[in-house]
Amino acid sequence: MTTTPKEPSVAAQGAAAVAADAERAGSVVLRLDALGLDFRAADFPTRFIEFCEANDDYEMEINEAGELVILPMTGFRGNRREHYLNTFVGNWEMINGGVSVSQSSRFRLTTGAIRGPDAAWITQERYDAATEHERETVFPGAPDFVVEIRSRTDNLAPLQRKMRLWMDGGARLGWLIDPPNRRVYVYRAGQPEPDLLEDPETLDGEDVLPGFSFGVRQYIFDMA
């Protein structure tokens, strides 16, 4: 993992700058190339998970600019929102199959970024096709279903960008839940822009999670 990265092109530098700016609010960001680390190296996910396990008081990701992002805490209420959502997804999985994971899971996108969702689900076929090592550390590709919930420290624009990265990485259905504005952005594969729902009562898993329904108004918007 300790290699000297190639000098990035001007275009790549510009993309990295955009990625870095999108991470700044509420986060601590460290450039890995300044430390001589190549986040695209084959063994990087393993080393990253080992580093996270040794520093488990912090939530961390690697963005597509090759930066280590130390995320702020969501807070007590934010954690409750994530818990309720993951409970519903987990209950659906127990009946219908596949594999659901929560905010401590990590997925590696084709850009080399290692990202974590607030809630996610993948098909059983994808899970079965993964290696034992990938199941233990970082899962390859984006989830089939992915959710991000805006917390007290989040600006909306970075989360919208993160959702687009999930969808570009292969996700089929995504929800960006914005409690302060009582809105939900619904992302679908092949759809250039998300649908905006104003104060919806429930959210539908559509053809990705057939029969799944989540009471977003009760469990997120109106939660005391």
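As the structure is a prediction and not an experimental result, all values here were calculated from the model. Computed over heavy atoms, backbone and side chain alike; hydrogens, waters and symmetry mates excluded.
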Heavy-atom closest contact ([X] atom, [Y] atom, distance):
| X | Y | result |
| --- | --- | --- |
| Thr202 | Gly215 | CG2-CA, 4.2 Å |
| Ala171 | Ala142 | N-CB, 3.8 Å |
| Pro200 | Arg182 | CD-O, 4.1 Å |
| Gly190 | Pro192 | O-CD, 3.7 Å |
| Arg164 | Pro194 | NH2-CD, 4.4 Å |

Can you tell me which residue among Arg150, Arg152, Met223 is in a side chain to side chain contact (heavy atoms under 4.5 Å, CB included) with Pro179?
Arg150

Any heavy-atom pair between the side chains of [Y] and [X] that's under 4.5 Å?
| X | Y | result |
| --- | --- | --- |
| Phe139 | Val101 | no |
| Phe214 | Leu209 | no |
| Phe221 | Val184 | yes |
| Tyr187 | Gln160 | yes |
| Phe76 | Arg80 | yes |
| Leu109 | Trp166 | yes |
| Val216 | Leu197 | no |
| Asn91 | Thr87 | yes |

Is there a chain of hydrophobic side chains (I, L, V, M, F, W, Y, each step under 4.5 Å between heavy atoms) that links [X] to [Y]?
| X | Y | result |
| --- | --- | --- |
| Val89 | Val186 | yes |
| Phe212 | Ile149 | yes |
| Val147 | Met163 | no |
| Val138 | Tyr127 | no |
| Phe107 | Val208 | no |

Quick check: does any side chain N or O of [X] sit under 3.5 Å from a backbone N or O of [Y], one acting as donor and the other as acceptor?
| X | Y | result |
| --- | --- | --- |
| Trp92 | Pro210 | yes |
| Trp121 | Gly97 | yes |
| Asn63 | Ala65 | yes |

Is the closest basic N to carboxylate O distance between [X] and [Y] below 4.0 Å?
| X | Y | answer |
| --- | --- | --- |
| Arg172 | Asp207 | no |
| Arg217 | Asp222 | no |
| Asp168 | Arg161 | no |
| Glu148 | Arg115 | no |

Go through the side-chain N and O atoms of [X] and [Y] and say whether any donor and acceptor fall under 3.5 Å apart.
| X | Y | result |
| --- | --- | --- |
| Glu82 | Asn86 | no |
| Glu64 | Thr111 | no |
| Thr46 | Asp43 | no |

About how many Å separate [atom2] of [Y] and [atom1] of [X], when rounded to the nearest 0.5 Å?
| X | Y | atom1 | atom2 | result |
| --- | --- | --- | --- | --- |
| Ile122 | Glu93 | CD1 | CD | 9.5 Å |
| Ile62 | Phe51 | CD1 | CZ | 8.5 Å |
| Leu32 | Glu67 | CG | CD | 8.0 Å |
| Arg77 | Ile220 | CZ | CD1 | 12.0 Å |
| Cys52 | Ile70 | SG | CD1 | 9.5 Å |
| Phe48 | Met60 | CZ | CE | 6.0 Å |

Arg81 and Asp118: salt bridge (charged side-chain N to carboxylate O under 4.0 Å, His left out), yes or no, with the steps?
CA-CA 10 Å; Arg81 287 167 171 156; Asp118 288 329; over 6 Å; no

Could you please spell out the steps behind the side chain to side chain contact (heavy atoms under 4.5 Å, CB included) verdict for Asp178 and Leu159?
CA-CA 10 Å; Asp178 180 12; Leu159 284 179; over 6 Å; no

Look at atom CZ of Arg31 and say whether more than 12 heavy atoms of other residues, nucleotides or ligands are closer to it than 6.0 Å.
no

Counting only heavy atoms from other residues, nucleotides and ligands, does the tally under 6.0 Å from CD of Glu198 exceed 12?
yes

Could you walk me through whether Arg126 and Val99 satisfy the side chain to side chain contact (heavy atoms under 4.5 Å, CB included) test, starting with their C-alpha distance in whole Å, then the side-chain angles of each, then the deciding distance to 0.1 Å, before giving a yes or no?
CA-CA 9 Å; Arg126 286 187 62 198; Val99 177; over 6 Å; no

